[in-house]
Amino acid sequence: MKDNGLLVVISGPAGAGKGTVVKELVKNDNIKVSVSATTRSPRPGEENGVHYHFLTREQFQDMIKEDGFLEYAEYCGNFYGSPKKQAEEWINEGKDVILEIEVQGCQKIKEKDPECVSIFIMPPSMEVLEKRLRGRGTETEEVIIKRLARAREEIELAKDYDYIVVNGPIEECVADVLSVINAEKLRAKRFDKTI
Ligand code: 5GP
């Protein structure tokens with residue numbers, strides 16, 4: 001078996017519950033989540049280095065110049081990127097690494113690394129999505145409207161993912177994602193051991 005871990009891209013519209021799913025997934029010792037860099041301002045309770053690396057636009061541009069990102073994209077007026085170094089280290093150590101990123105970032109990763117597996121977390125309905133987005137109480141109406149419009153566009157692109165998991169009851173969604181990861185790791189092409 002190849003010792004390298006799996007690169008797992010998880011996308012889905014804001015409010016689909018990706019964050020909750022990822023929180024559950026990383027309870028497994030072999031699964032790590034990449035901490036992205038962003039130019040957006042921290043929300044209440046968000047810690048630098050834990051939820052994101054919060055950077056200025058200049059710092060973000062410097063990291064692009066230094067080729068420090070696996071991918072980066074602009075989303076609703078802010079930049080987001082997946083730092084390269086930590087993710088590569090984990091993959092080399094055999095850990096499975098989750099990138100919780102939006103659709104443009106996923107497309108870029110797929111081009112660079114066709115071996116990665118992509119999973120789209122689909123909300124059960126637009127009504128549920130809107131309720132979850134509003135329920136957070138952290139965004140202005142303008143931001144909510146922007147994010148809902150973006151969610152509709154993202155859902156259109158879900159068919160380009162390897163897997164779609166509907167986020168109804170959280171335990172079921174987590175179990176489905178773990179099944180995907182486990183099955184992907186058992187693919188014959190990843191088996192290169194002589195017995
Ligand atoms: P939020 O501002 O709600 O934390 O994130 C907005 C969107 O950016 C979400 O869809 C999230 O998955 C995505 N995102 C977070 N980090 C990255 C990243 O490193 N790269 C890309 N392309 N998208 C990201």
Side-chain angles (χ1 to χ4, degrees), residues 7-26 32-57 59-64 66-88 90-91 97-113 116-123 126 129-158 160-161 164-165 167 173 177:
L7 189 60
V8 183
V9 176
I10 295 191
S11 301
K18 285 167 300 178
T20 317
V21 174
V22 171
K23 223 184 264 168
E24 289 300 311
L25 292 171
V26 294
K32 299 283 177 193
V33 64
S34 161
V35 178
S36 293
T38 184
T39 60
R40 119 161 132 59
S41 313
R43 295 191 186 117
E46 282 185 334
E47 275 180 58
N48 191 24
V50 177
H51 299 90
Y52 280 106
H53 301 288
F54 293 100
L55 304 184
T56 61
R57 285 196 168 233
Q59 288 170 323
F60 199 96
Q61 292 297 341
D62 286 345
M63 239 176 117
I64 295 174
E66 291 156 14
D67 192 27
F69 291 119
L70 289 174
E71 61 71 41
Y72 66 91
E74 193 175 355
Y75 175 94
C76 294
N78 288 301
F79 285 100
Y80 295 81
S82 311
K84 200 182 250 184
K85 193 164 167 273
Q86 176 72 87
E88 286 184 347
W90 278 329
I91 297 273
V97 176
I98 296 180
L99 302 181
E100 191 214 308
I101 62 179
E102 49 69 69
V103 292
Q104 306 164 72
C106 176
Q107 286 161 352
K108 290 180 195 160
I109 294 283
K110 281 251 138 182
E111 282 164 23
K112 274 198 198 167
D113 179 6
C116 79
V117 54
S118 60
I119 306 172
F120 191 91
I121 306 288
M122 184 73 87
M126 280 312 284
L129 184 77
E130 184 164 351
K131 217 164 140 194
R132 284 186 188 156
L133 264 180
R134 291 187 184 282
R136 278 183 183 172
T138 52
E139 259 89 23
T140 60
E141 183 63 20
E142 190 194 342
V143 170
I144 288 170
I145 287 169
K146 241 189 198 177
R147 285 182 174 235
L148 276 173
R150 183 85 188 119
R152 286 195 185 86
E153 290 168 17
E154 289 184 321
I155 287 168
E156 289 288 309
L157 298 172
D160 296 334
Y161 281 70
I164 296 179
V165 173
N167 191 6
C173 182
V177 172

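Both counts, for ligands and for their atoms, begin at 1 and track the order of listing.
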Tell me which residues fall inside the under-4.0 Å heavy-atom shell around ligand 1.
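Within the 4.0 Å shell of ligand 1, which is judged on heavy atoms, sit Lys18, Ser36, Arg40, Arg43, Tyr52, Glu71, Ala73, Tyr75, Tyr80, Gly81, Ser82, Glu100, Ile101, Glu102, Gly105, Arg147.
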Who passes side chain to side chain contact (heavy atoms under 4.5 Å, CB included) against Arg134, sequence neighbours left out?
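Side chain to side chain contact (heavy atoms under 4.5 Å, CB included) check on Arg134 returns Glu130, Glu141, Ile144.
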Side chain to side chain contact (heavy atoms under 4.5 Å, CB included) against Arg132, all qualifying residues, sequence neighbours excluded:
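In terms of side chain to side chain contact (heavy atoms under 4.5 Å, CB included), with neighbours along the sequence ignored, Arg132 is linked to Pro124, Val128, Asn167.
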If I compare all heavy atoms of [X] with all of [Y], which pair ends up nearest, and what's the gap?
X	Y	result
Gly12	Ala16	C-CB, 4.4 Å
Gln59	Leu55	OE1-CA, 3.3 Å
Phe69	Lys112	O-NZ, 3.8 Å

Less than 3.5 Å apart, which donor and acceptor atoms pair up between the side chains of residues 98-108 and the rest of the protein, not counting sequence neighbours?
| residue | atom | partner | partner atom | Å |
| --- | --- | --- | --- | --- |
| Glu102 | OE1 | Gln104 | N | 3.2 |
| Glu102 | OE1 | Gln104 | NE2 | 3.0 |
| Glu102 | OE2 | Gly105 | N | 2.9 |
| Gln104 | NE2 | Glu74 | O | 2.9 |
| Lys108 | NZ | Tyr72 | O | 2.3 |

